[in-house]
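Throughout, a chain's letter reflects where its sequence line sits, starting with A, and its residues are numbered from 1.
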There are 2 protein chains.
Amino acid sequence: MNADTRLDVQEVSQIMKLLGDKTRLTMMKMLQLQDFCVCEFVELFNMSQPAISQHLRKLKDIGLVKESRKKQWIFYSFNRNHDCAFLVEDLLKHLPDQRERLAELEAQGLRISCD
Amino acid sequence: MNADTRLDVQEVSQIMKLLGDKTRLTMMKMLQLQDFCVCEFVELFNMSQPAISQHLRKLKDIGLVKESRKKQWIFYSFNRNHDCAFLVEDLLKHLPDQRERLAELEAQGLRISCD
DNA sequence: TCAGTATATAATAATATGCTTATATAAGTA
DNA sequence: TACTTATATAAGCATATTATTATATACTGA
């Protein structure tokens, strides 16, 4: 049993509902590795910008991700302070690594980095 | 990392979608303890019989539960052979125990047992 | 075989979801 | 300031989800 033991069913089912979408589930898996900005996700998922934006908003509304502006981009990050963060990370362990996909983005020169 | 490592995102997101419902999530938590028949769930969730039946069908269709007839009742059980069984059990660990709720059912004399 | 009980299925209606297109906002830059 | 880029939001539409009601099916026991 873990540190977050005894989350309530209501909360967990809401989290599960959000992760019950392939795009959002993959987003969370990738956000375990590093932060991403919207335009990177647009490339990665080959999906329209508003569609991506709406998925991210849902994740943000429930608190699973945080956003922060850096220069002209808005970066999203995994919120490891969320009640269910431990549960979610546990779950994501079962999914295949996404580094390859990330490497492709890099190869296409579409990776955004700002330091 | 676990024995089921590297489930595909498609499959996991489907499972998550199913568990993204409070009733089904609780059902799975309870089925970890023991088998249940439909009428017990109807009492436990205070929900119509067809509604319960439809939730169970979804869980059965995806393979998370198995059914078996015993006398006039159909009992549902947790399918621990499912690809994602380990993942699901991991997840359910984070939820509150349901023994109390079960005790109530027992107290009301609504528990079905057939040996 | 018939009645009663347990369960499943079908049709339907209300609501939720996820995309699209169009537009607004906000920051960076000439 | 005006233009461009990055992102968010709103409206609309197609589809999915979940419950309800009505009905069908399958056992059990007299």
Under-4.0 Å salt bridge between A:D61 and A:K58: no

With a 3.5 Å cut-off and heavy atoms only, can you find an N or O donor on one side and an acceptor on the other between the side chain of A:Q54 and the base of C:dT20? yes

Distance check needed: C:dG18 P versus A:M27 CE, whole Å only. 12 Å

To the nearest Å, give me how far apart CD1 (A:I74) and C1' (C:dG28) are. 14 Å

Calculate the interatomic distance between B:H55 atom NE2 and C:dA8 atom C1'; express it in whole Å. 15 Å

Presence of B:K70 side-chain N/O under 4.0 Å of C:dA6 phosphate oxygens OP1/OP2: no

With nearest nucleotide decided by heavy atoms, which residue, A:Q72 or A:P50, maps closer to the 5′ end of DNA chain C? A:P50

Axis-to-axis angle between the two ends of the helix from C:dT1-D:dA30 to C:dA30-D:dT1 (five base pairs per end, rounded to 10 degrees): 20°

B:R57 or A:K17, whichever maps to the more 5' nucleotide of DNA chain C: B:R57

On a plain distance test, is the side chain of A:Q49 in donor-acceptor contact with the base of D:dA8 below 3.5 Å? yes

Look at the side-chain N and O atoms of B:Y76 and state whether any lies under 4.0 Å from the OP1 or OP2 oxygen of C:dA6. no

Could you state the atom-to-atom distance from CH2 of A:W73 to P of C:dT25 in whole Å? 23 Å

Phosphate OP1/OP2 of D:dA19 contacted by B:S48 side-chain N/O (<4.0 Å): no

For A:L19 and C:dG18, give me the distance from atom CG to atom P, rounded to whole Å. 12 Å

Sole candidate of A:H55, A:R101, A:K22 that passes side-chain contact (heavy atoms from CB on, under 4.5 Å) when paired with A:F45: A:R101

Atom CD of A:E67 and atom C1' of C:dT25 are separated, to the nearest Å, by 13 Å

Rounded distance in Å - CG (A:L59) to C1' (C:dG18): 14 Å

Measure across A:S13 and B:D21 and return the closest heavy-atom pair with its distance rounded to 0.1 Å. CB-C, 4.0 Å

Checking contacts here: which listed nucleotide (C:dA8, C:dA6, D:dA19) is nearest the side-chain heavy atoms of B:A51? D:dA19

Would you please confirm or rule out a distance under 4.0 Å between OP1 or OP2 of C:dT7 and any side-chain N or O of B:R69? no

Tell me the interatomic distance from A:F41, atom CZ, to D:dA6, atom C1', rounded to whole angstroms. 15 Å

Counting heavy atoms from C-beta on, name the nucleotide in C:dT7, D:dA8, C:dA8 closest to the side chain of B:S53. C:dA8

